[in-house]
Amino acid sequence: MTTTLSISYDDVARAHERLAGIAERTPVMRSATADALTGATLHFKCENLQRTGAFKIRGAYNAVAQFTPAQRAGGVITFSSGNHGQAIARAAQRLGVPALVVMPQDAPAMKVAATAGYGAEVVRYDRYAEDPAVIIERLAGERGMTFIPPFDHPQVMAGQGTAAKELFEEVGALDMIVTPLGGGGLLSGTAVAARHLAPACEIVGVEPEAGNDGQQSLAKGEIVRIDTPRTIADAAQSRSLGRHTFPVLQQLGVRVVTASDAQLVGAMKFFAGRMKLVVEPTGCLGAAAVMNGALDVRGKRVGVVLSGGNVDLPRFAELIDG
Ligand SMILES: *Cc1c(COP(=O)(O)O)cnc(C)c1O
């Protein structure tokens, strides 16, 4: 069955116009060592160098910028393991809109501090015991705030697709584009951009081995829900794809593979040692799959989105010290 998808390429293109001067056009980096290792030509899109340290500012700003005057006055509310919260806080600050972010108690200290630093109010919860949706609904109702979720929202998805749009504009058509996968905001936006700008390009999402709900969902043809996976990829601990993201992935022929925590650590070491890049564990998902033979990349031109670089330095040191 074919349903109308929640976003089109026009939505991605319009989001890109809105983001001018707000989101950085991040660099695309190459590595002769990574090419030799994989037999592919790899183009790394460095969203770890994006403002707020991850691609999430793209979707967050695109959504809050479209608020009505009444919504702007009421403010924006969201929940996040960190990067979306920071992005919403920063977008709201830029637009002069109040923001409230509900964050897990075990979110990295740096992410919590950055969110509060952008002027947002932060409320903590226990991610293994409480449902953030319930907390959000109560607070949004009490305060008249508009909820912008981390991935399952057309304007968020369209904004996230602008990273891939920039990548294709810079390096031309690719044989394959690979991104991390949590709830599918980044991957759905990427898929829409890819299908328009490079119709033959294979589109691949990579999720943590500990939580392959996306892979299961595409295999089953319906959204599969899992318990919160325990993985170092803290920005991809979503429990299911969304009702907006899933149909996009399904209908645009996206494929999903997984990477283990050990492979993520290996990729983090590679980026730090060889390319002088700090990439957070979740940001390494795509690269880890490409570098560990989970995908047939030999002889291909492959785009790999490094989605974020927000990791506490002591945690980073601990992970790469082995
Ligand atoms: C949010 C996030 C992801 C996952 O994005 P989804 O849109 O939820 O699939 C991947 N990497 C980083 C760094 C993130 O912040």
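All of these numbers come straight from a predicted model, not from anything done at the bench. Order of appearance sets the numbers: ligands from 1, and atoms from 1 within every ligand. Throughout, numbering of the chain's residues begins at 1 and tracks the sequence.
- Considering all non-hydrogen atoms of both residues, Gln93 and Gly119 come closest at NE2-N, 4.5 Å.
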Audit row: Arg225, Asp213, salt bridge (Lys or Arg N to Asp or Glu O under 4.0 Å) steps and yes/no: CA-CA 6 Å; Arg225 275 164 229 287; Asp213 62 285; over 6 Å; no

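- Annotation: salt bridge (Lys or Arg N to Asp or Glu O under 4.0 Å) contacts involving residues 39-49, sequence neighbours excluded, comprise Lys45-Glu166, Glu47-Arg58.
- Within 6.0 Å of the CZ atom in Arg30, the count of heavy atoms belonging to other residues, nucleotides or ligands exceeds 12.
- Residue pairs meeting the side chain to side chain donor-acceptor pair (under 3.5 Å) criterion with at least one partner in residues 297-306, sequence neighbours excluded, are Glu202-Lys300.
- The immediate protein surroundings of ligand 1, defined as residues with any heavy atom under 4.0 Å of it, consist of Phe55, Lys56, Asn83, Phe151, Pro180, Leu181, Gly182, Gly183, Gly184, Gly185, Leu186, Ala235, Glu280, Thr282, Ser307, Gly308.
- Qualifying side chain to side chain contact (heavy atoms under 4.5 Å, CB included) partners for Leu49, counting only residues two or more places apart in sequence or in other chains: Pro27, Cys46, Leu277.
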